[in-house]
Amino acid sequence: MKIVLLGGPGAGKGTQAAKLKNHFGIPHVSTGEILREARSSGTELGKKAAEYMDAGKLLPDEIILGIVDERLGMPDMSKGFLFDGFPRTIPQAEGLDKLLHDRDSSLDAVVSIDVPDEMVVDRLLKRAEIEGRADDNRETIKERLRVYYAQTEPLKSYYTGHGILKSIHGVGAVDEIFERIITVLR
Ligand code: AMP
């Protein structure tokens with residue numbers, strides 16, 4: 001199963017991704033997580049990423065596609081995968097299609113978790129208290145939402161055009177939402 005999880009900041013992608021990973025036994029690849037790890041190891045990539053992340057901006061597509069290309073080459077990816085937080089722009093989606101095509105592969109489904117903005121801000125401020133993520137403050141959250149609508153939401157039409165978009169209602173208990181996802185993937 002080759003899946004992309006789509007959704008705005010705080011839509012619950014990370015939570016559902018962890019459950020889907022166990023359910024399907026596939027690797028969960030979060031570009032945000034890869035960048036946070038690079039950041040805490042203090043690598044060149046991490047230093048660069050920090051500037052963008054703290055401003056709520058997206059990193060350049062070439063950098064992200066380079067990370068994904070490398071990850072796709074790892075042996076555990078052959079049985080399937082779940083991307084969370086990638087792609088986030090049309091050029092990233094086109095780049096992913098190309099990377100997969102070059103490997104005689106393609107996506108099975110793109111699941112969009114839809115949650116109203118007003119719920120997202122509260123969720124993210126709560127996460128800031130629990131996890132202490134540097135980019136979970138009110139200003140950055142607003143910017144990340146703006147960036148989501150400007151750059152990432154158009155991916156829904158892109159994948160609708162490819163006939164693989166599945167939208168689910170992202171409000172409810174974690175297990176309920178998980179069931180909705182599993183149902184649309186059947
Ligand atoms: P996330 O954990 O997915 O919310 O990502 C946190 C931050 O990492 C984002 O706000 C961006 O600054 C950066 N980031 C993660 N994934 C991407 C991506 N696919 N393209 C560009 N920037 C990204």
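Each ligand, and each atom within it, is numbered from 1 in the order the structure gives.
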### Task
Scan residues 55-67 for pairs that pass salt bridge (Lys or Arg N to Asp or Glu O under 4.0 Å), counting only residues two or more places apart or in two chains.
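Passing the test, one end in residues 55-67: Lys57-Glu143.
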#### Entry: Qualifying salt bridge (Lys or Arg N to Asp or Glu O under 4.0 Å) pairs, either residue in residues 116-132, two or more places apart
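Found Arg127-Asp136.
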### Query
When you measure from the side chain of Thr43 to the backbone N and O of Arg39, does any donor-acceptor pair fall under 3.5 Å?
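No, because the side chain of Thr43 does not come within donor-acceptor range (under 3.5 Å) of the backbone of Arg39.
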### Message
Any salt bridge linking Arg133 with Asp54? Criterion: basic side-chain nitrogen under 4.0 Å from a carboxylate oxygen.
### Response
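Not counted as a salt bridge, because no side-chain N and carboxylate O are separated by less than 4.0 Å.
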### Stepwise ring-ring contact (aromatic ring centres under 6.0 Å, His included) test for His23 and Phe178
CA-CA 10 Å; His23 184 86; Phe178 180 66; 5.6 Å; yes
### Message
Running the 4.5 Å side-chain criterion over Ile, Leu, Val, Met, Phe, Trp and Tyr, what cluster does Ile130 land in, apart from itself?
### Response
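So far as hydrophobic clustering goes, Ile130 is joined with none.
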### Query
With hydrogens left out, which residues have an atom under 4.0 Å from ligand 1, given that only heavy atoms count?
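Lining ligand 1 at under 4.0 Å, by heavy atoms, one finds Thr31, Gly32, Leu35, Arg36, Met53, Lys57, Leu58, Leu59, Ile64, Gly85, Phe86, Arg88, Gln92, Arg133, Asp135.
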